[in-house]
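Step one of this worksheet: look at the structure below.
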Amino acid sequence: MRRFSHINLTIIFCCISFLLSVNADAKDRKGKEVTEADNTFGEGGTKTIFSVRNAQLITYKDVNRNRRLLENIYAPLGSNGYSYRGLTYFNNRGYSDYTKVETFDSRKNLVQALYSVFNAKGEPNDISTWYLENGVRRDFNFSYINNQLVAGTIKVEESYRPVNSAFPRIDLSGLKKQEFGFNVTSRLTPYKSTEVSNKYTGGKDVTEAYIDSDIDGEFKVVKKKAYDKNGVLRHELYQEYYDCGCSYEEEYYYDCYGKLEYRSYVYYDEDGYENEFNEEIYKGGEVVAGYYYYDGCCYGEEYTYDYDKDKYTRGWKPELYWPNRYGAFDNDCPDAKTFWNHEFYIAPMLLKEDGETNFYGLELSYTKHPCDRGGYIGDIRANFGSNFDYKFTRITALLGGVYYPVKTASLKNDFQFSVHGMVGATYLNTKYDNGSFSNSNSNINFTADVGVGINYKINNNWGLGLRAGYAPVFAKGYTANNIAVSVGVIFK
């Protein structure tokens with residue numbers, strides 16, 4: 001599904017009809033785009049002005065279609081509120097060269113500014129900012145030694161002088177230009193493949209490609225999922241490709257137990273430039289670091305996740321966000337940390353009712369383990385028995401949960417001990433036949449099962465299991481007290 005987060009003015013260089021979410025109550029949700037001749041960067045250049053309600057994003061390109069300048073102007077809808085103006089110039093390799101972002105109060109007074117200069121690879125060399133506090137200007141520079149902003153005189157002055165002549169055609173091969181790459185020509189010809197994983201030892205890669213649509217029309221989709229040797233989904237990539245050449249991408253990494261570690265999304269324009277980018281790092285299901293960059297609306301806006309305040313704060317704050325401090329997300333898992341996140345169990349079963357009647361049959365169950373200490377279980381049982389001239393057929397379906405209370409006997413260990421609780425229903429058919437007279441009747445009653453389980457993993461795919469539990473059936477007027485025992489095999 002296409003993601004619309006924050007104020008979305010992305011991939012607007014070519015997708016005029018792309019649905020915007022500037023305001024949930026906006027009557028006209030689509031922007032307007034006008035391209036006209038412009039000689040700011042030499043003869044034959046262009047200027048594209050994209051307007052939507054109270055925002056303008058202006059793209060300047062030279063005669064060789066090199067992106068040279070992005071300018072954004074954002075004004076509040078009412079008379080109050082802050083307005084913004086941003087400028088970013090690009091060098092002759094297509095990378096950021098200089099950025100200036102200014103904030104104005106409701107009286108149009110400049111109250112805050114950020115300046116950045118970049119090296120030839122588009123990496124920031126010097127960053128400085130200032131803001132007014134009770135009418136007093138406070139200046140800060142980013143210190144790469146201390147890895148934080150420090151008070152001091154601004155080093156990055158507004159002395160940048162752009163080159164106004166055209167650049168030779170910039171080699172964009174370094175940009176992540178997205179290509180669909182599958183022979184999918186209609187909805188009737190989707191693509192799907194399963195191959196040996198090139199990311200995780202012993203795992204598998206599943207790829208799907210197909211055509212989808214929304215209110216803006218058709219677009220192409222690629223889904224890629226990489227599983228490790230234990231069947232745990234570790235990496236997920238979702239991409240959308242539009243006719244204009246723009247694309248959208250979501251990416252997820254999961255840890256050895258299937259818990260989210262990393263997520264990101266990015267919009268690319270037709271040349272492969274990232275117009276909107278967000279990534280977050282998770283520990284224990286919580287965000288510990290994040291970064292957001294946006295070329296649209298409040299142009300050049302950057303936000304960094306502040307863990308202590310549990311929110312995003314405006315500006316690029318590398319002291320709060322360094323992805324490499326959290327390590328790689330695509331390593332193979334050590335054997336000591338792996339477990340089966342899917343488990344099947346099949347076994348012959350004995351069920352003894354009220355200490356008298358024996359029912360023999362088969363038990364089949366499936367368990368999904370979202371973590372190494374618990375999971376969700378579904379169980380189906382078929383049992384058959386007799387007592388003098390009576391024959392019984394029982395079909396039972398149960399749903400519930402399983403928990404591994406002993407840390408040293410959890411799913412990460414070869415020997416596993418669990419407790420379970422399930423509820424469901426039992427269908428009982430009773431047939432009487434004494435040779436001269438026969439009769440049968442059926443009923444369905446509420447049932448449950450509370451018990452324990454023992455597993456022993458022989459290898460990474462197979463093992464032995466034992467289940468024992470108290471499984472009462474609550475019929476009208478009486479309760480049948482049953483003990484269920486089964487011994488069988490487990491596999492993933």
Side-chain angles (χ1 to χ4, degrees), residues 6-16 18 20 22 31-77 81-105 108-118 122 124 127 129 156-167 170 246 267-271 273-277 292-303 314-316:
H6 299 80
I7 300 176
N8 199 340
L9 294 181
T10 58
I11 67 172
I12 58 180
F13 303 103
C14 53
C15 293
I16 299 176
F18 193 79
L20 299 173
V22 174
K32 298 179 181 179
E33 184 176 85
V34 177
T35 299
E36 58 189 42
D38 183 88
N39 297 328
T40 301
F41 298 97
E43 294 288 336
T46 60
K47 177 172 68 174
T48 300
I49 304 172
F50 183 87
S51 303
V52 56
R53 289 174 67 81
N54 53 328
Q56 276 191 329
L57 181 62
I58 306 171
T59 308
Y60 296 83
K61 292 186 178 182
D62 61 26
V63 67
N64 294 315
R65 294 192 68 249
N66 300 312
R67 186 170 67 160
R68 301 294 300 279
L69 170 64
L70 286 181
E71 178 181 9
N72 184 271
I73 302 170
Y74 171 80
L77 293 174
Y82 289 90
S83 58
Y84 307 89
R85 179 175 182 264
L87 296 172
T88 287
Y89 291 88
F90 300 92
N91 64 22
N92 59 4
R93 299 179 62 190
Y95 297 117
S96 297
D97 204 17
Y98 174 78
T99 292
K100 175 175 68 174
V101 181
E102 298 175 319
T103 303
F104 301 86
D105 64 16
K108 309 301 181 185
N109 296 315
L110 182 61
V111 296
Q112 179 177 300
L114 181 143
Y115 311 97
S116 302
V117 292
F118 303 83
I127 301 171
T129 185
V156 184
E157 303 292 345
E158 294 185 74
S159 58
Y160 178 78
R161 296 293 180 266
V163 177
N164 293 328
S165 58
F167 288 152
I170 295 172
C246 311
Y267 286 95
Y268 298 95
D269 71 5
E270 73 276 23
D271 289 323
Y273 292 107
E274 297 179 0
N275 286 332
E276 181 176 359
F277 176 78
Y292 175 76
Y293 175 76
Y294 187 50
D295 251 4
C297 183
C298 308
Y299 164 73
E301 282 289 283
E302 295 176 290
Y303 292 83
R314 181 180 296 155
W316 180 69

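The model shown is predicted, which means the values in this text are computed figures rather than measured ones.
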request  = Give the C-alpha distance, both sets of side-chain angles, the deciding distance and a yes or no for side chain to side chain contact (heavy atoms under 4.5 Å, CB included) between Tyr82 and Asp105.
outcome  = CA-CA 5 Å; Tyr82 289 90; Asp105 64 16; 4.2 Å; yes
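Counting only heavy atoms from C-beta outward, the side chains of Phe41 and Asn66 never approach each other to under 4.5 Å. Within the 4.5 Å cutoff, side-chain heavy atoms of Thr59 are placed close to those of Leu70. No side-chain heavy atom of Glu71 sits less than 4.5 Å from a side-chain heavy atom of Gln56.
Rounded to the nearest 0.5 Å, atoms OG (Ser83) and OH (Tyr74) are 9.5 Å apart. Note: Leu87 CG to Glu102 CD = 7.0 Å, rounded to the nearest 0.5 Å. The distance from atom CZ of Phe167 to atom NZ of Lys61, rounded to the nearest 0.5 Å, is 15.0 Å.
Taking every heavy atom of both residues into account, Tyr84 and Arg314 meet most closely at OH-NH2, 2.9 Å. Smallest separation of non-hydrogen atoms from Lys47 and Tyr60: CD-CE2, 3.3 Å. The two residues Leu110 and Thr103 come nearest to each other via the heavy atoms CD1-O, 3.4 Å.
Applying the 6.0 Å contact sphere to CD of Glu36 captures more than 12 heavy atoms from other residues, nucleotides or ligands.
Here the options are Asp97, Asn92, Asp62, the test is side chain to side chain contact (heavy atoms under 4.5 Å, CB included), and the partner is Arg68; only Asp62 passes. Residue Phe118 forms a side chain to side chain contact (heavy atoms under 4.5 Å, CB included) with just one option from Thr99, Thr88, Asn91, Ile127, and that option is Thr99.
In this view, Val63 and Ala166 satisfy the side chain to side chain contact (heavy atoms under 4.5 Å, CB included) rule, not counting sequence neighbours.
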